[in-house]
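These notes are about the structure you will find just below.
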Amino acid sequence: MPVKSDKYLKLLAEKYPSVQAVCREIINLRAILNLPKGTEHFMSDIHGEYEAFCHILNNCSGVIREKVKLLFGEILSGEECREICTLIYYPNEKLHMLREEGKINEQWYRMTLNQLIEMAKLLSSKYTRSKVRKALPKDFEYIIDELLHVQKDEDDNQVLYHKKIIDTIIEIDNADEFIVALAELIKHLAVDHLHIVGDIFDRGAYADRIMDLLMEHHSLDIEWGNHDILWMGAACGNEACIANVLRNNLRYDNTEVLESGYGISLRGLTLFAEKTYQNSEPMEAAKKALDVILLKLEGAILLRHPEYEMNDRLFLDKIDLKTAMVTWEGKRYPLNDADFPTLNPERPYELTDEEKRVVEEWKAAFLNSSRLQKHIAFLYEKGSMYRIYNGNLLYHGCIPLDTSGNFDRMVFDGASYQGKQYLDYADKMARRAYFQRTGDAVDFMWFLWSGRKSPLCGRNIRTFERMFLDDERTWHEESNPYYKFYHEERTCNMILREFGLYSEGSHIINGHTPVKTMEGEQPIRAGGKLMVIDGGFCKDYHEKTGIAGYTLIYNSHGIRIKAHHPFESVYKALRENKDIHSESQIVDTEKSRILVRDTDIGRGIQDTIADLEMLMQWYRRSE
């Protein structure tokens, strides 16, 4: 045990000024160590699907439904249990609907309040009373605390006290507000910590609303995905990232998040496009203008950074406008569109004055969108390239490997990076781009979005080929060897050791690549060492994956992966008490229950106890 200096112990003594204060805290902390660990909830690749995300967040991947069944499954019908669940998920909306249907009366209030209190009691049993108090809604803190800790006594005084509280809540027309407060508490207690393993943005229409929800969550972390880093780069002023954000939103017919969500107008682009590409329909003209600007901006970054090893992605200087051909990997291919009025063959990667004006408008809009900047600041606050949490390694994309399955190397500013060092370097550069706005770091945000050896991309993106070549053989996007080797337990153990994880119980939790269950793919790989939890939240992926997303639950009993069927709508959830149907697959079952002492927080508590024991000895030596 390391010896602490008298100076440190004197500082600690300011918080614990007596032997009894130290003893009291040691007793408290040792008791906490023996509580069951809190439930962790893992989600990834949400892609703007607000309703499905909100529902899974509300039902805690089925945890609420399981607890309702445990408490009431033998005394209530299936429909009655489903109604309780829906009330917990959407308390305001469900109360409004039941009131309109004339189903709410004094008896209903009394029964419902008691049911919700029993749910809150069950879920609070694994936490200290202090921690539960911190989770209580402020307006009802004292009352709920009393109701959760009613004890039956000889004369039933406490039971009568409990009943009078309920009666008064109903009599003064405060029951609706109390039900909402209990529902929120239940959801809070059901999941202790939320992990978002990347890709909140793009494809779906409401990433901004998802960010609003996450900013209200009591405890979470985020591992950045490639689509998140793209928006982060755009918010840093990276013009190529901005162009890619705009292109993605036009491609998915998803401009609402830009215009309504973040106040970013596309008017400048459409006016420029209509004037420049007069033979195209307005929307096609906008896409064409954007594609050309994007290729110029990306090309300029590649010319500035040969260390990215992507000069084969430079195409504009290989176009022959006279023959409408382009040279690709030593062969000539016809272009499906040779209308390039803004392309100067002498300086192909230089924007025209009008293109520069449009790009400057975009940049100003992204930099000045207060709501976007608030959301991006939150991503930086809660996010990182990877995270080690309770013995598991979380990251969105990949750890780049070479063709032999070893860690691949990248060289930046004369230094070589691989494995953990490479991800640490990427994290540092992403933060430098936002907080210092240095040119190389801002450029690096685009590399993280689409670089061939980026840990967030992991494939060779064929943007130009898909835009301008009809030969689909040129469209194939080679994946990093990581996606071949991560099926092998040996590779996963190598990665875990690289990040300092040697326990048999450690796992890699990965997103980014949708699991194609329709083709027989499974989310659990490498003998259970790695789990891919991208099951396709995005509606566009449902046909490919056969499901509508995976989530992971890690509680004191072990790890389960949940496969979710498509969510129909909040309307159906309210009207028909329809939940998301999910199948559960056990990944790991612990032989003995995992306690707080076995977690990262527990290890911190044990360090604190050791310090307090030294303080107690210091006090006693001084007596």
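Just so you know, these numbers come straight off a predicted model, no measurement behind them. For the single chain, residues carry numbers from 1 onward in sequence order.
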Item to check | Flag if over 12 foreign heavy atoms under 6.0 Å of NE2, H96 | outcome: no
Item to check | Reported CD-to-CZ distance for the pair Q373 and F366, which is rounded to 0.5 angstrom | outcome: 10.0 Å
Checklist entry - Is there a donor-acceptor contact under 3.5 Å from the side chain of W224 to the main chain of L379? => result yes
Checklist entry - So, are R203 and E49 salt-bridged, with charged N and O less than 4.0 Å apart? => result no
Next on the checklist: Students often mix this up, so state it plainly: with edges at 30° and 60°, are the rings of F435 and Y380 parallel, tilted or perpendicular?
Outcome noted: perpendicular
Item to check | Derivation of the side chain to side chain contact (heavy atoms under 4.5 Å, CB included) call for L372 and W231 | outcome: CA-CA 9 Å; L372 174 62; W231 280 78; 3.7 Å; yes
Next on the checklist: With a 6.0 Å cut-off (strictly less than), is the heavy-atom count around CD of E504, excluding the residue itself, greater than 12?
Outcome noted: no
Checklist entry - When you measure from the side chain of H47 to the backbone N and O of F201, does any donor-acceptor pair fall under 3.5 Å? => result yes
Checklist outcome for this item: So CG of D199 and CD1 of I46: to nearest 0.5 Å the spacing works out to 9.0 Å
Checklist entry - Taking all non-hydrogen atoms of both residues, which atom of V596 and which atom of P36 are closest, and how far apart? => result CG2-O, 3.7 Å
Next on the checklist: Test your reading of the model: is there a side-chain donor-acceptor pair from T86 to the backbone of R82, 3.5 Å cut-off?
Outcome noted: yes
Checklist entry - Out of H41, E66, K562, which one pairs with S61 under the side chain to side chain donor-acceptor pair (under 3.5 Å) rule? => result H41
Checklist entry - When the ring centroid of F140 is compared with that of F178, is the distance short of 6.0 Å? => result yes
Next on the checklist: What verdict does the side chain to side chain contact (heavy atoms under 4.5 Å, CB included) test give for R129 and L148, after you've listed the backbone C-alpha separation in whole Å, the side-chain angles of each residue and the deciding distance to 0.1 Å?
Outcome noted: CA-CA 10 Å; R129 192 163 179 177; L148 291 182; over 6 Å; no
Item to check | Candidate pair V245 and I264, rule side chain to side chain contact (heavy atoms under 4.5 Å, CB included), full reasoning | outcome: CA-CA 11 Å; V245 165; I264 295 169; over 6 Å; no
Item to check | Approximate separation, where rounding is to 0.5 Å, of I509 CD1 and F42 CZ | outcome: 4.0 Å
Next on the checklist: Which residues pass the side-chain contact (heavy atoms from CB on, under 4.5 Å) test with E101, not counting sequence neighbours?
Outcome noted: M97, L98, K103, R575
Item to check | Distance, nearest 0.5 Å, that separates CD1 of I601 from CG of L33 | outcome: 11.0 Å
Next on the checklist: Tell me whether K37 is salt-bridged to D598, with the criterion being a basic N under 4.0 Å from an acidic carboxylate O.
Outcome noted: no
Next on the checklist: Tell me the closest heavy-atom pair linking I533 and S44, and the distance in Å.
Outcome noted: O-OG, 3.5 Å
Next on the checklist: So for atom CD, which belongs to E79, do other residues, nucleotides or ligands contribute more than 12 heavy atoms lying within a distance under 6.0 Å?
Outcome noted: yes
Next on the checklist: Salt bridge check, K164 against E146: does any charged N sit closer than 4.0 Å to a carboxylate O?
Outcome noted: no
Item to check | Polar side-chain atom of N254 near backbone of G204 as donor-acceptor pair, under 3.5 Å | outcome: yes
Checklist entry - Hey, does the side chain of N510 reach the backbone of G397 with a donor-acceptor pair shorter than 3.5 angstrom? => result yes
Checklist entry - Is the shortest side-chain N to carboxylate O distance from D424 to K428 below 4.0 Å? => result no
Checklist entry - Taking only residues two or more places apart in sequence or in another chain, which ones pass side-chain hydrogen bond (donor to acceptor under 3.5 Å, both in side chains) with E106? => result R110
Checklist entry - So, does D228 use its side chain to make a donor-acceptor pair with the main chain of I200 at under 3.5 Å? => result yes
Using distance only, find each side-chain donor-acceptor pair of residues 185-195 under 3.5 Å and give its atom names and separation, not counting sequence neighbours.
| residue | atom | partner | partner atom | Å |
| --- | --- | --- | --- | --- |
| K187 | NZ | N58 | OD1 | 3.4 |
| K187 | NZ | I88 | O | 3.1 |
| K187 | NZ | Y89 | O | 3.1 |
| K187 | NZ | E184 | OE2 | 3.2 |
| D192 | OD1 | K131 | NZ | 2.8 |
| D192 | OD2 | K131 | NZ | 3.4 |
| H193 | ND1 | S219 | OG | 2.6 |
| H193 | NE2 | D221 | OD2 | 2.7 |
| H195 | ND1 | D221 | OD1 | 3.0 |
| H195 | ND1 | D221 | OD2 | 2.8 |
| H195 | NE2 | E40 | OE1 | 2.8 |

Checklist entry - Do the two ring centres, one from H512 and one from Y395, sit under 6.0 Å apart? => result no
Next on the checklist: Taking the basic N atoms (NZ, or NE/NH1/NH2) and the acidic carboxylate oxygens, is any pair closer than 4.0 Å for R603 and D600?
Outcome noted: yes
Checklist entry - What is the distance from atom OH of Y206 to atom CG of L213, rounded to the nearest 0.5 Å? => result 14.0 Å
Item to check | Candidate pair M215 and K382, rule side chain to side chain contact (heavy atoms under 4.5 Å, CB included), full reasoning | outcome: CA-CA 10 Å; M215 290 180 75; K382 297 294 184 180; over 6 Å; no
Next on the checklist: Just verifying a value: how many Å separate K134 NZ and H218 NE2, rounded to the nearest 0.5 Å?
Outcome noted: 13.0 Å
